[in-house]
Amino acid sequence: MSLYPTISAKAIIAKAYADLNVQESQRWEVWMEWISEALEHIGAFTQYVTKGPITIPISNYRGNVPCDLVNVLSVTKENYPLRYGLSPYDRVGGSGLHKSLYGYTIEYPYITVNFKDGEVKMLYHAVPTDEEGYPLIPDRISLKEACVRYIIYKEALPDMRNGTIDLRLYNKLEYDWQRYAGQARGDLNMPNQDKMESIKNSWLRLIPNIHGHDSFYATDNLSERSTSKYIL
């Protein structure tokens, strides 16, 4: 789940109506699309939820990825992590130029692997949604304000192109959106004390954990003294 409590994007629509004093009842449909755009521009990982691991059946070297996929966290087969990247001759147990460990690539809407049939499990980031399918966003004032500022900025685009508003005003609206977007991104990505400790333990190492992927990075957030006996 998300790091922060979430609210529906419909709450942002209500705030935009109040802030802009707009009476047009159907405007929210356009604004909902713009809110999704704003969230993509901000791109903070804490906006997303972790889903899975889900099972993906593989047939003839490929399977279908989930439709709400944003970012792949891990792909496994029989609890073993798959590496990313394949070559045209990359077939486990096949008659190609070489045999390799399990691997995969993503070419939406498919995941391609180097074994013909079976299944894999995927852990991934997705956009959370409410019961009506609208985005859920972290309940942070910086993010809510950034979304409203993006709506204001986008509303001014036709007027700027028609010459009905001054270009300097339009540039100011764009600057305001960028400033609030940066503030929201920083707010959402700022680590708390426990995360800072994990980051410190990951960086302050004399012996790099070069095989961390094989253990799903299970010990990277521990001190080197605690994990030296586990490092291969």
Side-chain angles (χ1 to χ4, degrees), residues 1-56 64-74 106 108-109 122-162 164-166 169-192 194-195:
M1 296 298 291
S2 173
L3 179 64
Y4 301 104
T6 57
I7 59 173
S8 173
K10 292 181 288 186
I12 306 301
I13 299 294
K15 175 176 170 56
Y17 269 103
D19 289 357
L20 299 178
N21 194 26
V22 172
Q23 304 301 320
E24 186 180 344
S25 61
Q26 296 302 315
R27 200 62 186 153
W28 70 270
E29 295 176 342
V30 177
W31 290 355
M32 188 65 74
E33 179 67 26
W34 289 347
I35 288 173
S36 297
E37 290 179 11
L39 293 174
E40 288 190 59
H41 281 303
I42 293 169
F45 72 92
T46 49
Q47 297 172 191
Y48 307 120
V49 292
T50 301
K51 288 191 175 182
I54 65 166
T55 299
I56 300 177
N64 293 302
V65 301
C67 61
D68 58 349
L69 172 68
V70 172
N71 180 48
V72 176
L73 297 178
S74 68
I106 300 291
Y108 193 86
M122 178 183 290
L123 192 69
Y124 66 99
H125 278 150
V127 175
T129 56
D130 63 16
E131 64 280 359
E132 297 180 76
Y134 296 122
L136 290 171
I137 69 173
D139 189 9
R140 307 288 288 182
I141 186 60
S142 58
L143 183 58
K144 292 186 286 187
E145 191 65 35
C147 290
V148 172
R149 295 288 175 159
Y150 188 72
I151 291 173
I152 297 172
Y153 161 61
K154 294 286 283 186
E155 284 284 359
L157 179 59
D159 293 332
M160 185 276 292
R161 297 183 65 182
N162 294 332
T164 54
I165 67 169
D166 188 84
L169 174 58
Y170 180 78
N171 289 338
K172 176 63 165 58
L173 296 178
E174 182 179 18
Y175 170 78
D176 286 345
W177 142 245
Q178 295 287 356
R179 180 166 65 90
Y180 280 100
Q183 179 183 341
R185 188 180 301 111
D187 180 25
L188 293 174
N189 287 337
M190 179 61 67
N192 59 20
D194 285 339
K195 285 188 174 182

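All values derive from a computational prediction rather than experimental measurement. All values below were derived from every heavy atom in this structure, side-chain atoms included, with hydrogens, water molecules and symmetry-related copies excluded.
The structure places CZ of R149 at 11.5 Å from CD1 of I151, a figure rounded to the nearest 0.5 Å. One finds the NZ atom of K172 at 13.0 Å from the CG atom of D166 (value rounded to the nearest 0.5 Å). Atom-to-atom distance recorded for D187:CG and R140:CZ is 4.0 Å, nearest 0.5 angstrom. Taking OH of Y134 as the reference point, atom OG of S36 lies at 10.5 Å (rounded to 0.5 Å). Distance check: D176 CG to Y153 OH gives 12.0 Å after rounding to the nearest 0.5 Å.
With hydrogens and angles disregarded, a donor-acceptor distance shorter than 3.5 Å links the side chain of N162 to the backbone of P158. Proximity of a side-chain donor or acceptor of Q47 to a complementary backbone N or O of V127 within less than 3.5 Å is not detected.
Residue H41 comes nearest to R185 through the heavy atom pair O-NH2, 3.1 Å, listed as atom of the first residue, atom of the second, then distance. Closest non-hydrogen pair, V70 versus A126, comes out as CG2-CA, 3.9 Å. A pairwise comparison of heavy atoms in V72 and Y124 identifies CA-CB, 4.2 Å as the closest pair. Of all the heavy atoms in A9 and I35, the pair that sits closest is O-CD1, 3.8 Å. The heavy-atom pair separating I42 from A181 by the smallest distance is CG1-CB, 4.1 Å. Across every non-hydrogen atom of A16 and V148, the tightest pair is N-CG2, 4.3 Å.
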task = Determine, step by step, whether K10 and E132 satisfy the side chain to side chain contact (heavy atoms under 4.5 Å, CB included) criterion, reporting the C-alpha distance in whole Å, the side-chain angles of both residues, the deciding distance to 0.1 Å, and the verdict.
result = CA-CA 10 Å; K10 292 181 288 186; E132 297 180 76; 2.4 Å; yes

Side chain to side chain contact (heavy atoms under 4.5 Å, CB included) evaluation trace for L136 with T129 = CA-CA 5 Å; L136 290 171; T129 56; 5.6 Å; no

request  = Verify side chain to side chain contact (heavy atoms under 4.5 Å, CB included) between M32 and I13, making sure each step is shown before the conclusion.
outcome  = CA-CA 7 Å; M32 188 65 74; I13 299 294; 3.9 Å; yes

inquiry  = Between I12 and I137, is the side chain to side chain contact (heavy atoms under 4.5 Å, CB included) condition met? List the steps.
reply    = CA-CA 9 Å; I12 306 301; I137 69 173; 3.5 Å; yes

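Checked against a 6.0 Å centroid threshold, the rings of Y17 and W31 count as neighbours. Ring to ring, W177 and Y150 are close: their centroids are under 6.0 angstrom apart.
You'll find the side chain of L123 stays beyond 4.5 Å of the side chain of I54, heavy atoms only. A heavy-atom distance below 4.5 Å is found between the side chains of I7 and K144. A 4.5 Å side-chain heavy-atom check between I56 and P66 finds at least one atom pair inside the cut-off.
For CD of E40, the number of neighbouring non-hydrogen atoms (other residues, nucleotides, ligands) closer than 6.0 Å is 12 at most.
K51 pairs with exactly one of L69, D68, L73 by the side-chain contact (heavy atoms from CB on, under 4.5 Å) rule, that one being D68.
Remark: the W34 side chain and the E155 side chain contain no N/O donor-acceptor pair separated by less than 3.5 Å.
With sequence neighbours left out, R179 forms a side-chain hydrogen bond (donor to acceptor under 3.5 Å, both in side chains) with no residue at all.
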